[in-house]
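Below: the structure, in structure tokens.
Positions are given from 1, in the same order as the sequence printed here.
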Amino acid sequence: MAKTVFLSIGAEFIHGGHIAIIEKAAELGELTVGVLSDEAFMSYRGYPVLTYEERCNIISHIKGVSRVIKKDTLSYDKIIAELRPDYVVHSDRWRGKSREKVQKLLQQYGGELVEFPYTDKSEYEIFDRQAEQLRYMPEIRRGKLRRALQLADRPLRVLEAHNGITGLIVEKTQVEKEDEIRQFDAMWISSLCDSTAKGKPDIELVDMTSRENTINEIMEVTTKPIILDGDTGGLIEHFVYRVKTLERMGVSAIIIEDKIGLKKNSLFGTDAAQQQDSIEHFCEKIRAGKAAQMTKDFMIIARIESLILAKGMEDALKRAFAYVEAGADGIMIHSKDKEPDEVLEFCEKFREKCEDVPIVVVPTTYNHITEKELGKYGVNIIIYANHLIRSAFPAMNKVAHTILENERSLEVDEDCMPIKEILTLI
């Protein structure tokens, strides 16, 4: 009886290195290839250009592959338990502690891990780089947020970025934990952080041309979808052109708030004079923005300020349902309370009527609640809206003071990232 062999593949583009390891694996016996699902692929490499079905079709036609199955996670636990293959084949490059775990699972019934040297060839590296470059293209990037919302079985985690270096941090930061690789799914370009980075107050003083420059700066060095903080969206006549520009650039979504007049940050609440827009006028703005779109990829998300302005739950829900009816692709419910109760209540009541419309939250003040807890209430997107700028300022301020106090920079070495690491990141 032929030996059974299992090989996991996530590659969205197949080159000679993949063919080589498939051929070697097929020589060991009847080969089953586990193709990473889109969800699993997204968890460690970002959004695949080719879908699972497309990747599966390619691999199933390669000589030596007996069958193809879906691998829903990066972990091998379920696959090994179900298939009990005689051999698991892998290259000699592993992430984290996966290798040791696979070996232990195989040893339980006498299975064997077979490793082949990773194929290092310049032409394959060029091919991989070309595939990576596709992710930068506006046509590919723009639809990533919608696709991620369809794929993910958890809330998407989004972190703010306000320049190229913070964009790289959002793009590249990963943590391996509990058999998964955690990373940020998208980036939030906040008007507060963009203004603060420029030393300006958060009152819509930084014009849209300047904000577009920030977007371009981040887009040049990253591939993840971008959600833009659009403040009020401005005049309806202006908002139409803003939507067209952002869509053409490859931005995935804009969030606009239902306020009018001079902008005051929402976390001031009723301590600052803030005026909420009428439902009719804000719905007109949403409809005009949706009519201006050229593709189905771009999203207009309506941010509701009713809880911030102490207008109550009934007003928040009335507005939410009206905005969805007007064409909003999602609803952001905002609160400055230190407890999440009113946000969770809104989510429960909104979900009774709107099961599939994405809910966005920004748990800046009620930050003790976890992503999993928010997910149970139907939250789809969690934005960590200002944490990189808030963490950067005290760190830079401390370094500046320490240099002045000591008349040299020796004492700040431990607080500074080595130049080599910065060069590697970039």
Item to check | side-chain contact (heavy atoms from CB on, under 4.5 Å) between V35 and Y52, worked out | outcome: CA-CA 7 Å; V35 178; Y52 165 77; 3.8 Å; yes
If a pair satisfies ring-ring contact (aromatic ring centres under 6.0 Å, His included) and one of its residues is in [range], list it, with sequence neighbours excluded.
range: residues 207-238; result: none
range: residues 336-362; result: F321-F350, F346-F350
range: residues 134-171; result: none

Item to check | Residue pair T223, I140: steps toward the side-chain contact (heavy atoms from CB on, under 4.5 Å) verdict | outcome: CA-CA 9 Å; T223 65; I140 299 294; over 6 Å; no
For atom [atom1] of [X], is the number of surrounding heavy atoms from other residues, nucleotides or ligands below 6.0 Å larger than 12?
X: K78; atom1: NZ; result: no
X: E212; atom1: CD; result: yes
X: D207; atom1: CG; result: yes
X: E325; atom1: CD; result: no
X: E53; atom1: CD; result: yes
X: M294; atom1: CE; result: no
X: Y377; atom1: OH; result: no
X: F393; atom1: CZ; result: no

Checklist outcome for this item: Residue set satisfying salt bridge (Lys or Arg N to Asp or Glu O under 4.0 Å) with D341, at least two apart, ordered chain then number -> none
How far does [atom1] of [X] sit from [atom2] of [Y], to the nearest 0.5 angstrom?
X: C347; Y: L374; atom1: SG; atom2: CG; result: 7.5 Å
X: D153; Y: D72; atom1: CG; atom2: CG; result: 9.5 Å
X: I215; Y: E220; atom1: CD1; atom2: CD; result: 12.5 Å
X: Q108; Y: L106; atom1: CD; atom2: CG; result: 9.0 Å
X: I254; Y: I189; atom1: CD1; atom2: CD1; result: 11.0 Å
X: T232; Y: Q275; atom1: OG1; atom2: CD; result: 11.5 Å

Distance-only side-chain donor-acceptor flag, [X] / [Y], under 3.5 Å:
X: Q107; Y: K104; result: no
X: T4; Y: E30; result: no
X: W94; Y: E115; result: yes
X: T214; Y: K198; result: yes
X: S60; Y: R55; result: no
X: D194; Y: S191; result: no
X: R67; Y: T32; result: yes

Does [Y] offer a backbone N or O that forms a donor-acceptor pair with the side chain of [X] under 3.5 Å?
X: E257; Y: I304; value: no
X: K336; Y: I308; value: no
X: T222; Y: K224; value: no
X: R142; Y: D297; value: no

Checklist entry - Where do R351 and E355 land on the salt bridge (charged side-chain N to carboxylate O under 4.0 Å, His left out) test, with the steps shown first? => result CA-CA 5 Å; R351 277 287 172 253; E355 295 182 0; over 6 Å; no
With the side chain counted from C-beta on, respond yes when [X] and [Y] share a heavy-atom pair under 4.5 Å apart, and no when they do not.
X: I383; Y: V361; answer: no
X: L145; Y: I227; answer: yes
X: L28; Y: K3; answer: no
X: V251; Y: F298; answer: yes
X: M208; Y: R211; answer: yes
X: L159; Y: W188; answer: no
X: R390; Y: T196; answer: no

Next on the checklist: side-chain contact (heavy atoms from CB on, under 4.5 Å) for I62 and I19? Distances and angles first, verdict last.
Outcome noted: CA-CA 8 Å; I62 296 176; I19 299 297; 3.8 Å; yes
Would you mind writing out the side-chain donor-acceptor pairs for residues 309-320 within the sub-3.5 Å range, not counting sequence neighbours?
residue	atom	partner	partner atom	Å
K311	NZ	Q276	OE1	3.1
D315	OD2	S306	OG	2.6
D315	OD2	R319	NE	3.0
R319	NH1	D258	OD2	3.4
R319	NH1	D277	O	3.0
R319	NH1	Y323	OH	2.7
R319	NH2	D277	O	2.8

Item to check | side-chain contact (heavy atoms from CB on, under 4.5 Å) between D86 and E112, intermediate numbers included | outcome: CA-CA 6 Å; D86 295 302; E112 183 181 344; over 6 Å; no
Got a salt bridge between [X] and [Y], using NZ or NE/NH1/NH2 to carboxylate O under 4.0 Å?
X: R147; Y: D38; answer: yes
X: R146; Y: D329; answer: yes
X: K259; Y: E305; answer: yes
X: D231; Y: R242; answer: no

Checklist outcome for this item: Residues at least two apart in sequence or cross-chain that pass side-chain hydrogen bond (donor to acceptor under 3.5 Å, both in side chains) with E339, listed by chain then number, are H368
What closest approach, in Å, do [X] and [Y] show between heavy atoms, and which atom pair accounts for it?
X: I331; Y: I301; result: N-CG2, 3.9 Å
X: S195; Y: V206; result: OG-CG2, 3.7 Å
X: K71; Y: S8; result: CD-OG, 3.3 Å
X: I369; Y: P340; result: CD1-CG, 3.9 Å
X: S335; Y: V343; result: CB-CG2, 3.5 Å
X: A161; Y: I218; result: O-CD1, 3.8 Å

Checklist entry - Has R157 got its NZ or CZ under 6.0 Å from the middle of the six-membered ring of F184, at an angle within 45 degrees of the ring axis? => result no
Checklist entry - On the ring face of Y76, is K101 found with NZ or CZ under 6.0 Å from the centre and within 45° of the axis? => result no
